[in-house]
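Here the structure is laid out as C-alpha cells; the discussion comes afterwards.
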Amino acid sequence: VIHGDSDLIYHLQGAQPWMDNLGQTLNQVDTIERHMKYLRCLQHIEELSAAVQQCLMTSSVWEAIRAVDSMAMLDAGLNQSGCSHLQNFLRETLHFWHKIIKDRLASDFEKVLTQLHWPIISPPTQSLTPTTNCQELNSQLELLVTQLLALQTSYPSVSPHLSTPPSQAPPLCLPIQIMLQPLSKRFRYHFYGNRQTNSLGKPEWYLTQVLMWMGNSSTFMEEKIQPILERAGATISARVELCRGLLSLVQEKVASDASRLLYDDMIFCHLVEEVLQFEKELRSNQLYPAVLPGLLHLLLEDAILQKWLTVEKKMAVEKMDAMLSAEGAWSSQYKDISDMDELKAPDCAETFMTLLQVITERYRTLPCPSAQLKFLGLQRELVDDFRIRLTQVMKEESRCPLGARYCAILNAVNYICTILGDWGDNVFFLQLQQAAVSLGEEGLLGGLGIMEVGRLASLEGSLFEGLLALLDRLKGDMMGRLLEWTIREITEKARPYCQDRWLSLPSQHDQSTMTLSSSACPMMLCVRDRLLNLHQVLSLSLFQLAWQGLAERLDNFLYQDVILSNHFSDGGAAQLQFDMTRNLFPLFGHYCKRPENFFKHVKEACIILCLNVGSAILLRNLLKESEEEMRDWAGAEDPPPESALHELGVYCLAPCDVLILLNLRASWPGQ
C-alpha cells in the first residue's frame, strides 16, 4: 500500500506542469470567448442602431420603436453583467435614438393637437361645423399616441423590466407629458419671475387657473385621448394623468411660496386657506382620486405644520379676546326666536365653538392622523383657556349671581359642555381617539392610567372627558351659588310666614272661602318672580336643574323652619295645606305635571297634620307601640308601621319623623 501511494504522489507531481499549462490555456480560451461575446454584443448594438437609423430614413417608425425596444431588453440583460462601460455605451445609444424618435413624434403630435385647438384655455364651445379632415386628424392622433406609448416602455428609466419604488409615483404617460408642455410654459410665464400675476399674497390666482385648465380640458381628455389609451391597453385615466401633471406644477409653486412665507402670518394663513379650498375642489369637482396626493402633504412639512399650528393658536387667542370684550358678548342672537333659543348660548360661546368647528374643518382632510391629533391638542388647549376666562368673568359677577351676565356665563359653560359631548360621539373624533391610542400620543393621553386608556380604546370614554369634568364642576359651582342666593332671598321674604300664629288659627269648615295667608304673599311673589326670571335667562336644561334644585331647597326650608318650628291647630294645619297645595305647588306646575312630588317633606307633613282626630290617635298609638316593640322585642311579627303610613300616602318621612309631627298638633282630646 505504501509503495502504491508513493507512485501516485510521483505521478501527480509529474502531471502538475501539464495541468498548469492546460489551466492557462482554458483561461485564455474563456477570455477570448468573453471578448468575442463582448464584441458580438457591441456589434448587435451597432446593428440595432443602424436599423433604427435606416427605419427613420424610410419613416418606418414602428420598426424603429421595435429596434429601440430590443436595445432596452439588451440593457435589462446587461444589468448583472458588470460591463459598466458597455452598458453606458448602450444607454447613451438608447437615449440618443429615444430622443430623436420622441422629438419627431412630439413634433407631429403637437401639429395635430394644434389643429384640434389644444391647449383648451377657455371653456370649450360646441363648434358649429366639424373640421373637414376630422377623421384623418383622429387617425393621426391615435397613431401618434399609440407610438408614443410604445416608445415610453422602451426607455430604461421607465422600462417595464424595472419596477418603480412604491413610494414614488410612476412617471406621466408620454403623450400627456407633451400635451402639458404648452400649459407648463403658460404657468411659468405668468406665475414666476417679475410678472404682476406672480404675487405671494395671491395664491388663488395660480390655483384657480390650474383648476380652470383641469375643468376646460376634461371633455377633450375623456372623448379624444381616453378611448385611444384603452384601445392601446393602457390602464390609466387621461383626465387624471393631465391633472397629475398640472398638480406637479402647483406642488412645486406652493412648496416654494410656503417656505418664503414663514415670517408673514397673514399671507401664510391666506395660502393655507387657499390650498385647503383647492384640495376640496380638486377632490369634489375634478374627482381626483383620493389615493393620489394633492397639495395637503406639503402642509405637513415640519416647519410649515409648526407654523400653521402657531398661527392658528395666535389667531384663535386674538379672536377670543375680541369676542369676550365685544358689546353683545353675553346676549344671544336668537333671543327673540323662542324655538331656536333652547340653549340660550351667548354670542361669545357660540362664536368660540364656531371657531373650533372651523379649525376642525381645516384639519379634517389632512392625510396624517398624527398631524390631526396636534390640532386636536390645540383645540383642547383653547377650550381650557376659554374655561379659565369664563371662570375669571364669573368671579367678577359672583356678587350678583341672579344677574343676566352671570346666567349668560352659566349658559355658555352648559353650551360648550353640550357641543363637546356631541363631538365625543362624532365618528371623526372617535377615529382620532383610536389613532391617539394606537400612536400612544403623550400630549393627549399623558397622565392617564391603563384603565383610562383602555376605556378610550374601547370607545367608552372620550378625548374630551377631562375638559368636560372641569366644565361640569364649574357649572355645578355656579348653579349652586345661584340657588343659594335665590333661596336666601326667598327665606328673607318668608320670615313673617315662619312666625305666623299657626297655633291660634280658627278652623274653617268651608275651604272655598279660604285665602292665601297674608304673611305668605311676599314669599310666593318672590318664588314666582324668580322662577319666571330663571326661565327667561337660563337654557332649558339648566332651568330644569334650577327649578328642581330650588324646589328641593324650598321643601327643606319649609319643613324645617315653618313646620318643625311651630305647633298647629286644626285651622293652622288646614291653612298650611291650603297655602302649599293651592298656591306654592301650582307655581311649579307650569314646569311639570306633579309638582307636589318635588315637595315630599311638606306634602307628607300636611297629610299628617291634617288627619282627623281619630285617625291621628290610632296612628300615634301604632307608632308608639311599634317603637316600644322595636326596643323590647327585636323579633316582633306585627306588620311594620310603614305599611300604615303608605296607606296614608306617606313614603318619605320615617315613623320617628311622623311621631314628631303628630306631637306638633294642638287639638288632642283632653288637651
Side-chain angles (χ1 to χ4, degrees), residues 105-106 109-110 112-127 130-131 134 137-153 158 164 168-188 191 204 206-254 275-298 365 367:
L105 290 175
F109 188 40
E110 284 165 4
V112 173
L113 287 172
T114 304
Q115 288 180 277
L116 291 168
H117 310 296
W118 181 267
I120 301 166
I121 304 302
S122 55
T125 53
Q126 190 70 37
S127 57
T131 50
C134 182
L137 272 177
N138 287 340
S139 299
Q140 288 179 19
L141 182 71
E142 176 144 16
L143 177 66
L144 289 163
V145 169
T146 311
Q147 288 176 338
L148 284 165
L149 284 172
L151 179 65
Q152 187 170 19
T153 60
V158 294
T164 306
Q168 186 183 330
L172 285 171
C173 139
L174 193 50
I176 306 295
Q177 288 181 34
I178 296 164
M179 293 179 76
L180 273 167
Q181 286 171 1
L183 293 171
S184 177
K185 281 179 188 172
R186 286 170 191 273
F187 187 87
R188 294 187 185 283
F191 305 118
E204 63 269 27
Y206 63 81
L207 293 171
T208 305
Q209 183 61 77
V210 166
L211 285 171
M212 285 173 64
W213 285 344
M214 288 178 180
N216 295 341
S217 307
S218 61
T219 303
F220 183 91
M221 301 306 290
E222 286 172 352
E223 292 182 2
K224 294 285 186 187
I225 307 298
Q226 188 62 43
I228 300 171
L229 295 180
E230 288 171 1
R231 284 193 286 274
T235 57
I236 53 174
S237 162
R239 181 182 58 76
V240 170
E241 282 289 282
L242 183 76
C243 290
R244 197 156 68 90
L246 288 169
L247 260 179
S248 66
L249 297 173
V250 181
Q251 287 165 349
E252 182 186 345
K253 176 70 175 162
V254 169
V275 165
L276 293 172
Q277 184 60 32
F278 176 89
E279 185 80 18
K280 186 178 176 183
E281 292 188 31
L282 180 71
R283 304 295 179 183
S284 57
N285 296 353
Q286 304 305 326
L287 303 176
Y288 195 65
V291 293
L292 295 175
L295 295 183
L296 294 183
H297 64 284
L298 299 174
T365 50

Practice prompt. Show the numbers, then the answer: is there a side-chain contact (heavy atoms from CB on, under 4.5 Å) between L295 and L276?
Written response: CA-CA 8 Å; L295 295 183; L276 293 172; over 6 Å; no
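- To the nearest 0.5 Å, atoms OG (S218) and CD (E223) are separated by 9.0 Å.
- In this structure, L172 and Q152 approach most closely via the heavy-atom pair O-NE2, 2.8 Å.
- Separation of atoms CZ (F109) and CG (L143) is listed at 11.0 Å; rounding is to 0.5 Å.
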Practice prompt. Evaluate the criterion side-chain contact (heavy atoms from CB on, under 4.5 Å) for residue pair I176 and M221; output intermediate values, then yes/no.
Written response: CA-CA 10 Å; I176 306 295; M221 301 306 290; 3.3 Å; yes
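- Of the N and O atoms on the side chains of Q181 and Q177, not one donor lies less than 3.5 Å from an acceptor on the other residue.
- The two residues V250 and Y206 make their nearest non-hydrogen contact at CG1-CE1, 4.2 Å.
- Taking CD1 from I225 and CZ from R239, the interatomic distance works out to 14.0 Å, rounded to the nearest 0.5 Å.
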Discussion item. Run M214 and L242 through side-chain contact (heavy atoms from CB on, under 4.5 Å) and show every step you take.
Written reply: CA-CA 8 Å; M214 288 178 180; L242 183 76; over 6 Å; no
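- With a 4.5 Å cut-off on side-chain heavy atoms, V275 and V254 count as touching.
- Taken to the nearest 0.5 Å, the CG atom of L292 stands 10.0 Å off from the SG atom of C243.
- Across all non-hydrogen atoms, the minimal contact from C173 to L229 is SG-CD2, 4.4 Å.
- Within the 4.5 Å cutoff, side-chain heavy atoms of L116 are placed close to those of F220.
- Note that CE of M179 and OG of S184 are 14.0 Å apart. Values are rounded to the nearest 0.5 Å.
- In terms of heavy atoms, G294 sits closest to L282 at CA-CD2, 4.2 Å.
- A distance of 7.5 Å separates OG of S248 from CG of L246, quoted to the nearest 0.5 Å.
- Checking L141, L151, L149 one by one against P175, the side-chain contact (heavy atoms from CB on, under 4.5 Å) holds for a single residue, L149.
- Between L183 and L249, the closest side-chain pair of non-hydrogen atoms is not below 4.5 Å.
- Counting only heavy atoms from C-beta outward, the side chains of N285 and K280 never approach each other to under 4.5 Å.
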Fill in: Working for side-chain contact (heavy atoms from CB on, under 4.5 Å), residues Y288 and R244
CA-CA 9 Å; Y288 195 65; R244 197 156 68 90; 3.5 Å; yes
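- Between L105 and L174 there is no side-chain heavy-atom pair separated by less than 4.5 Å.
- At a threshold of 4.5 Å between non-hydrogen side-chain atoms, the residues R186 and Q209 do not count as touching.
- For the residue pair I236 and Q226, the shortest heavy atom distance occurs at O-NE2, 3.1 Å.
- Side-chain contact between W118 and K224 is absent, with no heavy-atom pair separated by less than 4.5 Å.
- Between R231 and T146 there is no side-chain heavy-atom pair separated by less than 4.5 Å.
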